[in-house]
Each structure stands twice: as C-alpha cells, then as structure tokens.
Amino acid sequence: MNLFRSRVSTSVVSRMAGELGSSASVPTTTSSSSSSWAKTRSLWPSILRWIPTSVDHIIAAEKRLLSLVKTSYVVEQVNIGSGPPGSKVRWFRSTSDEPRFINTATFQSKEDSPTLVMVHGYGASQGFFFRNFDALASRFKVIAIDQLGWGGSSRPDFTCKSTEETEAWFIDSFEEWRKAKNLSGFILLGHSFGGYVAAKYALKHPEHVEHLILVGPAGVSSESESKPERLTKLRATWTGAVFNHLWESNFTPQKVVRGLGPWGPDLVNRYTTARFGAYSTGEVLNEEESKLLSDYVYHTLVAKASGELCLKYIFSFGAFARMPLLQSASEWKVPTTFIYGFEDWMNYKGAQEARQHMKVPCEIIRVPQVSIFRN
C-alpha cells in the first residue's frame, strides 16, 4: 500500500469513509457547464405523456441537483465510440454504429490532487453523491460518471445474454471512457453494484488503478457462501416463488415506476423521503434537497431501460452474485479498502474472508451509526 499512502494517507481514507456516510448538508449554488447529447425531443408536452421524461429532463434535473454543491464543476459527454476496438458486437450486438457517451462530472480541485473516480450503484447515477462532492473535492480531483445505460449516459439496447457479456458491457465501456479521458494511476471508488464493477475492472486492468475503494460493495459473496436462512425460507413460500419468477424474468423496480405513468413521481418522492429521511441514519435531507433529489431520481429511473437489465445476469434472487468477487480475491493486484456502515445490509464478513486470500494490502473500515446509501 506504499504507493497509495505516498499520496493519500490511511487517515484521509478514514475521513473519506465518514464523509461518504455522514452526508453533510451543502446548500450553496455552484457554477457549471454542460452539453446535451440528445438529438431528438418529443413534440408532445410533458404533461400529455404517460411517462413525462426525456434525456433533456435528466440533464436538467442533474443540473438542478448539483446546484447544491459549492465546488465548481464541469459536465461533459465523453464519446466512447460504438464498441470496443476490434469488437464485432458493439454495445452489445447492436446493429447501430452510433457513438455512445458517458455522462461525466469533474469537480475543481487543488493542483496535483490525486484523481478519484466515483462509480455509482444499481438504479442510481452520479448525482446520488451530491452531498459528498464538496468534502471529497477538498482532497481529490473528483470525477463522477454515469455508467453506460444509466443516468445521463447513452442507453443502448441491452442485448447481453450471459454474466460474462454483462460484465464486459460495464468493464469495456469504462475502459473506453478511461482512454478518452487519458487517465491512469487513479483511485477508483465504487458503491454497491458500482463496487462490483470497479473491482471487476481492477481485476482486468490493474495497471491503471492505484487504489481500489469499495463502499458497501455488492457481489462479494455468493448465495452458497452466505447461507441465507431467511431467503431459503422465503423461497419455500408461494410469495418467494413469485418474486423469484419476477427476478428471473428480469422484472426490474424501474418497470413498476414506468407502469405508474404520471403517478410515478409521487411514488418516487415518497420513496426518497422515506429512504433519506425517516429511515436515514445520518443527517436527513432538507426540503429543497429532498425535492431536487426526488425529481432527479424519477427521471433517471423511468428513462429507457438499458443498464438496469443487467440485474438477473449479475445477481441471483436475493442479490447474490453469480460470479462473486470472493472467488477472484487471490488474483487481485490492486491495494484495496472496503468501507461499510454498521447498519449496512451488505455483509462485511465477505470482505474479511476475501482479505484472507488477497496478496495485496487490504483494510476494512466500518463506520459506526451509518448505513451507506443502499443501491
């Protein structure tokens, strides 16, 4: 871990852990610039549509949410081409040669600050980190992305048919983004499903990652390794059988929100108010934050289904990885820090077991009285 500590001390990582969990309030407006890659817009007014959203709505909602951040930032659409070089499948099996873009926010930082790339979790996008950006930007050059198929990034048709193809969808698109940004030697932080993607990327491209930070990562253990008694009992019931069927049919939570049409925004508002308010373990959202986040979450959820359809290929029912990180722990080549909240639903014991097999420095940080955002 010497290379990492020469630039970022353990105490800084520990403070980062606290900042990721505490969600300090940031009420001030920032300056920004952004470019929209949307080529077409619906001629129908939003109020007349069953699902009142568009790519322009996502970008506008993101801009309003990030206005709460004090640090100046720039948003850009990074062109990653139509597929990996030499690939015949594009992103993936698409017949279109249309270039794809990764929505990217870069925050102003001190000169020579180490670069921190942040990858969001399932059903989320980079705006979910809005309360963390100011604190992190004081120590790092923060770059946050929307993964391919989510947020304000391109949403190609999702045609992956296996776990391997699905992992490649995220890993290869991230690598093309890295090349376009000409980055190397960066710290890679992934939250929840983003932690799974970040770890898989570091396994394939360790030469570019200086240190790996996994915040409440999903997919560390498999179902057989976790031995979930409650899930076993649930599966034995008719309710469990129905949920398992829906999971294997790739019925995502986003489909429920889309199905509600114009009533969807109210459901999302109730969800975000409860998740980041009444049931929050940190400082709750104020009224403005809650309103802007709810609007942002709604538009990112109901846009065209794309990356969300990875769910059944990466995880089995119960969110257990089909190709868990634990199985590759002995192959890791990048120093790693795991960060968990004491109230997390992601079990830190999988990280403890992985550390026993890892041949690189690894530390596990648990933050008291905190639940890292669950997505």
Side-chain angles (χ1 to χ4, degrees), residues 20-21 91-92 102-103 117-129 132 144-153 155-156 158 160 162-175 177 188-204 209 212-223 225-226 247-248 250-255 257 271 275 296-297 300-301 303 305-328 336-341 344-348 350-351 354 371-375:
L20 285 166
W91 302 115
F92 263 92
I102 297 294
N103 189 44
V117 177
M118 303 181 72
V119 183
H120 62 80
Y122 181 85
S125 37
Q126 52 92 355
F128 273 59
F129 294 118
N132 308 122
I145 68 164
D146 289 338
Q147 297 193 69
L148 183 67
W150 271 316
S153 291
R155 294 178 178 241
F158 189 87
C160 300
S162 67
T163 300
E164 292 80 5
E165 279 191 353
T166 304
E167 288 186 354
W169 163 288
F170 296 106
I171 294 169
D172 292 349
S173 59
F174 184 87
E175 172 60 4
W177 172 86
L188 181 57
L189 182 151
H191 170 234
S192 193
F193 172 66
Y196 179 89
V197 172
K200 293 285 185 171
Y201 175 83
L203 278 164
K204 187 173 181 179
V209 182
L212 183 63
I213 301 175
L214 305 180
V215 184
V220 176
S221 304
S222 67
E223 182 179 343
E225 291 159 338
S226 301
W247 186 285
E248 294 300 328
N250 224 354
F251 187 87
T252 65
Q254 290 90 330
K255 291 182 180 179
V257 183
Y271 165 74
R275 179 178 178 184
Y296 175 70
V297 171
T300 60
L301 288 182
S306 181
E308 73 188 66
L309 299 175
C310 73
L311 196 59
K312 81 165 189 175
Y313 296 106
I314 299 294
F315 303 107
S316 61
F317 178 56
F320 293 101
R322 298 186 187 276
M323 297 176 63
L325 299 175
L326 183 57
Q327 293 180 358
S328 305
T336 302
T337 298
F338 291 88
I339 300 176
Y340 293 89
D344 274 4
W345 72 301
M346 297 298 182
N347 195 330
Y348 72 95
S371 173
I372 307 297
F373 288 171
R374 302 172 182 178
N375 52 284

Do Met346 and Val220 have side chains that get closer than 4.5 Å, going by heavy atoms? no

Ala351: what forms a side chain to side chain contact (heavy atoms under 4.5 Å, CB included) with it, not counting sequence neighbours? Phe338, Tyr340, Ile364

Below 4.5 Å, heavy atoms only, C-beta onward: do Tyr196 and Tyr122 meet side chain to side chain? no

Tell me, please, which residues at least two apart from Lys312 pass side-chain hydrogen bond (donor to acceptor under 3.5 Å, both in side chains). none

Could you tell me if the side chain of Phe128 sits less than 4.5 Å from the side chain of His120, heavy atoms only? no

Separation between OG1 (Thr300) and CG (Asp146), nearest 0.5 Å, reads 8.5 Å

So how far is it from Lys204 NZ to Ile171 CD1, rounded to the nearest 0.5 Å? 6.0 Å

Given Leu301 and Gln254, is the side-chain contact (heavy atoms from CB on, under 4.5 Å) satisfied, shown in steps? CA-CA 6 Å; Leu301 288 182; Gln254 290 90 330; 3.8 Å; yes

CD1-OG distance between Ile102 and Ser153, expressed to the nearest 0.5 angstrom: 4.0 Å

Counting N and O atoms only, with roles assigned by atom type, does the side chain of Ser173 sit under 3.5 Å from a partner on the main chain of Trp169, one being a donor and the other an acceptor? yes

Sorted by chain and number, sequence neighbours left out, side chain to side chain contact (heavy atoms under 4.5 Å, CB included) with Thr166 holds for Phe158, Cys160, Phe170, Cys310, Tyr313, Ile314

Can Leu311 and Trp247 be said to form a side-chain contact (heavy atoms from CB on, under 4.5 Å), step by step? CA-CA 8 Å; Leu311 196 59; Trp247 186 285; 3.9 Å; yes

Test side-chain hydrogen bond (donor to acceptor under 3.5 Å, both in side chains) applied to Lys255 - qualifying residues, sequence neighbours left out: none

Can you find a pair of side-chain heavy atoms, one from Ile145 and one from Gln126, that are under 4.5 Å apart? no

Quick one: does any side-chain atom of Ser306 pair with a main-chain N or O of Pro156 as donor and acceptor, under 3.5 Å? yes

Mind checking whether Lys200 and Met323 have side chains closer than 4.5 Å, heavy atoms only? yes

Just jot down the ring pair (Phe, Tyr, Trp, His ring centres under 6.0 Å) partners of Tyr201, sequence neighbours excluded, or say none. Phe174, His205

Among residues at least two apart in sequence or on other chains, which ones pass salt bridge (Lys or Arg N to Asp or Glu O under 4.0 Å) with Glu164? none

